Protein chains: 2
Amino acid sequence: MQTQQASKIFEALSSGLRLDIFRLLVRHAPDGLVQGDIARRLDIPSTNLSFHLRAIVHSGLAHVEREGRFMRYKANIPLMLDIVAYLTEECCSGNPEACQRFRDASPAGRILPRRVD
Amino acid sequence: MQTQQASKIFEALSSGLRLDIFRLLVRHAPDGLVQGDIARRLDIPSTNLSFHLRAIVHSGLAHVEREGRFMRYKANIPLMLDIVAYLTEECCSGNPEACQRFRDASPAGRILPRRVD
DNA sequence: TTGATATTTCAACATTAGTTGATATATGTC
DNA sequence: GACATATATCAACTAATGTTGAAATATCAA
């Protein structure tokens with residue numbers, strides 16, 4: 001993963017609308033949803049949704065495929081996992097004890113990244 | 001974690017420069033670095049660095065404290081862990097087998113989020 | 001082929017972000 | 001106090017983003 005790709009991915013998550021869209025797709029992985037489903041669930045005008053879906057797809061965080069006259073969007077879960085690893089992998093480099101302390105202290109710690117070791 | 005806060009955090013990571021800055025701070029957690037250290041390591045003009053550090057701090061992803069005439073910036077690791085959880089926590093809702101398949105298939109899978117279960 | 005539905009593209013506009021150089025503020029040293 | 005260093009703020013400009021309504025495209029159904 002390179003900085004440029006990674007920042008593009010975070011940019012795709014940097015609008016509240018796009019974040020809601022992506023999380024909806026993550027929740028509905030691996031099957032995905034068609035555009036109209038997303039529009040209805042999040043109450044976003046079709047035009048604007050199209051614009052944001054385009055950005056998400058362009059970042060690589062989702063794939064599209066035509067399904068008759070519908071367009072089905074699916075979250076790219078492996079890429080999501082990669083970007084999480086990219087962000088966290090060198091945490092507290094050379095100080096694994098400190099790193100473990102952070103994880104233990106976090107209420108979210110139990111579902112959070114663990115070192116390979 | 002709310003959408004608004006989360007998208008603000010991702011916005012803080014959405015520029016290549018800020019992402020480099022934050023990852024540098026993560027690598028140097030828990031001690032942090034002073035502004036001049038960051039400027040030298042990443043070769044960013046002081047003015048511009050100040051602008052981006054402000055955005056990172058404003059998002060909550062880092063804290064600052066004065067240290068004589070230096071300003072020391074430290075990554076907020078717990079918040080980083082929270083945002084990772086926020087992004088991934090409802091993955092494949094109601095389909096844990098699919099979710100596990102994604103994790104197993106990812107080369108990054110071993111250091112990536114695991115469900116609480 | 002005609003009409004209906006799903007989605008995208010386009011044009012226009014308002015808003016916001018990124019960069020730079022000059023200047024200001026705060027701290028430490030002599 | 002005078003000066004140097006570290007960092008932040010300001011002003012100005014350029015570029016990019018987000019939103020909307022209208023129009024285009026693609027597919028299906030009759």
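These numbers were taken from a predicted model, which means no experiment stands behind them. We name chains A, B, ... by the order of the sequence lines, and we start the count at 1 in each one.
Summarising the local packing, CD of B:E67 is surrounded by more than 12 heavy atoms from other residues, nucleotides or ligands at distances under 6.0 Å. The 12-atom threshold is exceeded at CZ of A:R41, counting heavy atoms of other residues, nucleotides or ligands nearer than 6.0 Å.
As rounded to whole Å, 14 Å separates atom C1' of D:dG18 from atom CG of A:L49. Atom CZ of A:R72 is separated from atom C1' of D:dA26 by 18 Å (rounded to the nearest Å). Nucleotide C:dT19 holds its C1' atom 15 Å from the CG atom of B:D43, rounded to whole Å. Rounded to a whole Å, the CG atom of B:N48 is 14 Å from the C1' atom of D:dT9. Rounded to an integer number of Å, the gap from A:I44 CD1 to C:dA6 P is 17 Å. The nearest whole Å value for the distance from the CE atom in B:M71 to the C1' atom in C:dT27 is 11 Å.
Taking 4.0 angstrom as the limit, B:Y73 places none of its side-chain polar atoms (N or O) nearer than this to OP1 or OP2 of D:dA6. Here A:Q35 does not reach the OP1 or OP2 of C:dA6: none of its side-chain N or O atoms lies under 4.0 Å away. Residue B:H52 places none of its side-chain N or O atoms closer than 4.0 Å to OP1 or OP2 of C:dA17. Contact between the side-chain N/O atoms of A:R54 and the OP1/OP2 oxygens of C:dT9 is found at a separation under 4.0 Å.
Listed by chain and number, the residues in a salt bridge (Lys or Arg N to Asp or Glu O under 4.0 Å) with A:R40 are A:D37 (sequence neighbours excluded). Remark: A:K8 engages no residue in a salt bridge (Lys or Arg N to Asp or Glu O under 4.0 Å) (not counting sequence neighbours).
Checked by atom type and distance alone, the side chain of A:R66 never pairs as donor or acceptor with a backbone atom of A:M71 at under 3.5 Å. At least one donor-acceptor pair closer than 3.5 Å links the side chain of A:T88 to the backbone N or O of A:V84. In this structure a side-chain-to-backbone donor-acceptor pair under 3.5 Å is missing from A:S50 to A:T47.
The residue among A:G68 and B:D37 whose nearest nucleotide of DNA chain D lies closer to the 5′ end is B:D37. Along DNA chain D, the nucleotide nearest A:P45 and the nucleotide nearest A:E11 are compared for position; the residue whose nucleotide lies closer to the 5' end is A:E11.
In this structure, D:dA30 and C:dT1 make a Watson-Crick or G-U wobble pair, each of the two defining distances being under 3.5 angstrom.
Using a 4.0 Å cut-off on heavy atoms, none of the residues of residues 56-65 of chain A approach DNA chain C. DNA chain D lies under 4.0 Å from at least one heavy atom of each of the following residues of residues 12-34 of chain A: A:S15, A:L17, A:R18.
When all heavy atoms are compared, the tightest approach of B:L53 to B:I38 is CD2-CD1, 4.2 Å. Listed here is the closest heavy atom pair of B:I9 and B:S59: CG1-O, 3.7 Å. When all heavy atoms are compared, the tightest approach of A:N95 to B:P30 is ND2-CD, 3.8 Å.
One finds no salt bridge joining B:R72 and B:E65 here, because no Lys/Arg side-chain nitrogen approaches an Asp/Glu carboxylate oxygen to under 4.0 Å. A salt bridge links B:R27 with A:E90; the closest basic N to acidic carboxylate O contact falls under 4.0 Å.
Residues A:S15 and B:F10 fail the side-chain proximity criterion, which asks for heavy atoms closer than 4.5 Å. Counting heavy atoms from C-beta on, the side chains of A:L49 and A:Q35 come closer than 4.5 Å.
Judged by the 6.0 Å and 45° rule, A:R23 forms a cation-pi pair with B:Y86.
Using a 4.0 Å heavy-atom criterion, one finds that B:E67 contacts no nucleic acid atom at all.
Residue B:F51 has its side chain nearest to C:dT19 when only D:dA8, C:dT19, C:dT8 are considered.
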Give me, pair by pair, the N or O atoms of the protein and of nucleotides 3-5 of chain D that are less than 3.5 Å apart, along with how far apart they are.
{"from": "D:dT5", "atom 1": "O4'", "to": "B:R69", "atom 2": "NH1", "distance (Å)": "3.1"}

Between the protein and nucleotides 22-25 of chain D, which nitrogen or oxygen pairs are less than 3.5 angstrom apart?
{"from": "D:dA22", "atom 1": "N6", "to": "A:T47", "atom 2": "OG1", "distance (Å)": "3.4"}

